[in-house]
Trainee: 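Mind looking over this structure? Questions follow.
Given the structure is predicted, the values throughout are model-derived calculations rather than measurements.
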Amino acid sequence: MWETIQIDKYDKAAQYQHLGRPQKLDITEKTWRPSDLVPPLTIPSEFIGNQVYLGDFGLAISAGTSVDYKPQTPVEFCAPERYHDQNPSLASDMWSYMCIFASLYLGFSVFYGPGGDRIMSLWVDTLGPFPLSWKGHYRYGNNQGEDAWYDQLRKPRDDISLKSKLARRKPVPGEKEFNLVLSLFQKGFCYDPKQRITAAELLEDESFNELLRVYGC
């Protein structure tokens, strides 16, 4: 990648003048290119320097790509189905998004700990048992999982349930806001990827939009 000469980051007018204003795109519509939500940015030649850098886009892949190793770090943002031999997907991205959203809102990670059995137990203690159909598909190291994770009679632990973690936020949200956020958490932290809220649904979600209005967004 070519070096770019920095435009004053505090002068939005100058940025817009040279680079154009950010373009909005309804994610329910077709993107300009498969898997891309933003159009390419054209840098004026006068802002291109003489240095060339090697860019690393990490593990960014197109949706639907099959991978050999399903789990991914950081552990606290990885969707649980990826520990059950399922490929990354737009749904697993939404789980990760909700983890980030929850961390920013709460001031602490809603799920935190080492990978493998520890994070699995934390998920179950917070959200309840995994789907019974996942039993036997756990893939992490040499372990085959614990039957207790899939016990459909198992309940979340009161001290680390979503409600409990939400109540630990400082300041504690009022009843209306508490219920709005809890509703969002429940939709985002849904085990079944097919039932988990999508990005398009989130933008239309009543709880999400009401929460945005609470904070003047």
Trainee: Applying a strict under-4.5 Å side-chain criterion to I, L, V, M, F, W and Y, I'd like to know whether Y215 and F178 cluster together.
Mentor: yes

Trainee: Could you tell me which non-hydrogen atom of N209 sits nearest to which non-hydrogen atom of L202, and how far apart they are?
Mentor: ND2-O, 4.3 Å

Trainee: Using the ring-ring contact (aromatic ring centres under 6.0 Å, His included) definition, which of the options F130, W123, W149 pairs with Y191?
Mentor: F130

Trainee: Can we say D158 and K163 salt-bridge, meaning some charged N sits less than 4.0 Å from an Asp/Glu carboxylate O?
Mentor: no

Trainee: Run the side chain to side chain contact (heavy atoms under 4.5 Å, CB included) test on L90 and T198 for me, step by step, so that the C-alpha distance in whole Å, both residues' side-chain angles and the decisive distance to 0.1 Å come before the verdict.
Mentor: CA-CA 8 Å; L90 295 178; T198 66; over 6 Å; no

Trainee: With a sphere of 6.0 Å drawn around CZ of F108, does it hold more than 12 non-hydrogen atoms of other residues, nucleotides or ligands?
Mentor: yes

Trainee: State yes or no: do W134 and Y83 share one hydrophobic cluster built from I, L, V, M, F, W and Y residues joined by side-chain heavy-atom distances below 4.5 Å, directly or via other members?
Mentor: yes

Trainee: Run the numbers on S92 and E81 for side chain to side chain contact (heavy atoms under 4.5 Å, CB included), then give the verdict.
Mentor: CA-CA 8 Å; S92 63; E81 67 267 18; 3.5 Å; yes

Trainee: Is the shortest side-chain N to carboxylate O distance from R157 to D159 below 4.0 Å?
Mentor: yes

Trainee: Donor-acceptor pair, distance only, cut-off 3.5 Å: does the side chain of D205 make one with the backbone of E201?
Mentor: no

Trainee: Which heavy-atom pair separates R196 from A91 by the least distance, and what is that distance?
Mentor: NH1-O, 2.9 Å

Trainee: State yes or no: do F77 and M98 share one hydrophobic cluster built from I, L, V, M, F, W and Y residues joined by side-chain heavy-atom distances below 4.5 Å, directly or via other members?
Mentor: no

Trainee: When clusters are formed by joining ILVMFWY residues with side-chain heavy atoms under 4.5 Å apart, either directly or through shared neighbours, do L212 and L182 land in the same one?
Mentor: yes

Trainee: If you look at every heavy atom in K165 and L122, which pair is closest and at what distance?
Mentor: NZ-CD1, 4.1 Å

Trainee: Give a yes or no on whether L106 and V214 share a hydrophobic cluster (residues Ile, Leu, Val, Met, Phe, Trp, Tyr; joining criterion: side-chain heavy atoms under 4.5 Å apart).
Mentor: yes

Trainee: Below 4.5 Å, heavy atoms only, C-beta onward: do V110 and Y105 meet side chain to side chain?
Mentor: no

Trainee: Would you check, one step at a time, whether the test side chain to side chain contact (heavy atoms under 4.5 Å, CB included) holds for K187 with M94?
Mentor: CA-CA 10 Å; K187 294 169 185 174; M94 282 306 298; over 6 Å; no

Trainee: When rounded to the nearest 0.5 angstrom, what distance separates OG in S183 from CG in L162?
Mentor: 11.5 Å

Trainee: With under 30° as parallel and over 60° as perpendicular, where do the rings of F185 and F189 fit, or are they tilted in between?
Mentor: tilted

Trainee: Of all the heavy-atom pairs spanning R82 and Q72, show the shortest one and how long it is.
Mentor: NH2-CB, 3.5 Å

